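The block underneath contains the structure these notes are about, expressed in structure tokens.
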2 protein chains.
Amino acid sequence: MQQLLNYIKSIHPLPAEALEALFSISSEVSFKKNTDVQPIGHTCRTVYFIKKGALRIYYLKDGVDVTESFEFENAIVARAESLFSGKPSKKAIQALEDTALIAINAPALFKLYDDYPSLERLFRKIFEDAYVKTVVRLESLQFHTAEERYQNLLKDHPYILQRVPLKYIASYLGITAVSLSRIRAIK
Amino acid sequence: MQQLLNYIKSIHPLPAEALEALFSISSEVSFKKNTDVQPIGHTCRTVYFIKKGALRIYYLKDGVDVTESFEFENAIVARAESLFSGKPSKKAIQALEDTALIAINAPALFKLYDDYPSLERLFRKIFEDAYVKTVVRLESLQFHTAEERYQNLLKDHPYILQRVPLKYIASYLGITAVSLSRIRAIK
DNA sequence: CAATGCACTTTACATATGATAAGTAATTAC
DNA sequence: GTAATTACTTATCATATGTAAAGTGCATTG
């Protein structure tokens, strides 16, 4: 849990009792490469912390796999639109590599907020950050061309190219794998 | 302030002292149709509640006006990516109609969180809801075609068509006004 | 009331992206 | 180590959307 501890410290340090309470509703789980961590149609009741490996969130559009997002080590992952609405998600979470996670029971977490304001503050900040990332991603999709989005990805997250198949990156950028190939071929 | 009170009650009722504290950092402001509430390049330090009227958030892409979002009565508006990061926003907020707002001083609000956990919870929930809306919008842009997005807008927010010029709706949908015209002409 | 401007539509043409299919390279499985 | 599968690229053609320009209707204004 040391890794999660460091992550927490970097955002909002917790008093010992709050940490204990958090750990009491957390457990370690592992997933093999290419297996679903949570399937489509499942209501999100778990917040994951990635110890090792990589996850992606994806959706099936008329049977075609479309990637919404990637996450790697030392990040929190959840399908917010399901977690905060209580509705089933149309998206799944998949392990892109053999992945070790810490699973935090979300309903239990939300109950702990009453007793540990520091926990509420920590996760408020975590999800504010996630919100900001989502807005920035929205801007990217709405305001930039596919080629700009690819160049920005190269600039900002070059490691993604090393760890994620291009077919997933293509749909993440909002284009087909064929189109991404063309964009990459230009230069 | 009654209107804001009702809005708050619907999300997370506040004790009297927390309400007073919130009102003490809030003020009423008005904007004429087509004026900027906040300009591009401004760091967002205000959270607005719309009493009456309509706002949009927009961006200039190579000099071309692109609308990110619309908000109407009884909604909270802020540019999250600036508010929560402290960075200047590349986007502006504009009044689409003569608009009456309640302006909440955001840095002051964040300080109040220490003394009024109920305030922190209220705004945590408000921004969680906003986060969910942003994720749903991201899904819409990434997973659906322009025509599907228009049909969904018709279905879910038909009043927007009555209150907002089509040119703004077009860029909101990620297409040009010409392309929207074509989509509308089909049926 | 005429005139100007603005929102919107329509047309014609250009271009980017999609769909399909074939070919190559890399990876996985036996 | 070879075969089979998967990932990626390339080519061709179809299509949706963009750009530019012209036209229509409505509203605002002097």
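First the proteins, then the strands, lettered A, B, ... as listed; each starts at 1. In this text, all values refer to a predicted model and were calculated from it rather than measured experimentally.
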Quick one: sort the B:Phe31 and B:Tyr48 rings into parallel, tilted or perpendicular, breaks at 30° and 60°.
perpendicular
Give the ring-plane orientation class for A:Tyr7 versus A:Phe49, where under 30° counts as parallel, over 60° as perpendicular and anything between as tilted.
tilted
Can you check whether A:Ser181 has a side-chain N or O nearer than 4.0 Å to OP1 or OP2 of D:dT10?
no
Just how far, in rounded Å, is [atom2] of [N] from [atom1] of [X]?
X        : N      : atom1 : atom2 : answer
A:Ile183 : D:dT9  : CD1   : P     : 12 Å
B:Ile175 : C:dA16 : CD1   : P     : 19 Å
A:Arg182 : D:dC8  : CZ    : P     : 16 Å
A:Tyr150 : D:dC8  : OH    : C1'   : 12 Å
A:Leu180 : D:dC8  : CG    : P     : 9 Å
B:Arg184 : C:dC8  : CZ    : P     : 8 Å
B:Leu173 : D:dG18 : CG    : C1'   : 16 Å
A:Lys61  : C:dT17 : NZ    : P     : 18 Å

Nucleotide of [options] approaching [X] most closely (side-chain heavy atoms):
X        : options                : answer
A:Lys167 : D:dA7, D:dG18, C:dG18  : D:dA7
B:Val178 : C:dT17, D:dG18, D:dA20 : D:dA20
A:Lys33  : C:dT28, C:dC8, C:dG18  : C:dT28

Flag the pair B:Lys133 and B:Glu71 as a salt bridge only when some basic side-chain nitrogen lies within less than 4.0 angstrom of an acidic carboxylate oxygen.
yes
Taking the ring of A:Phe127 and the ring of A:Phe84, is the distance between their centroids below 6.0 Å?
yes
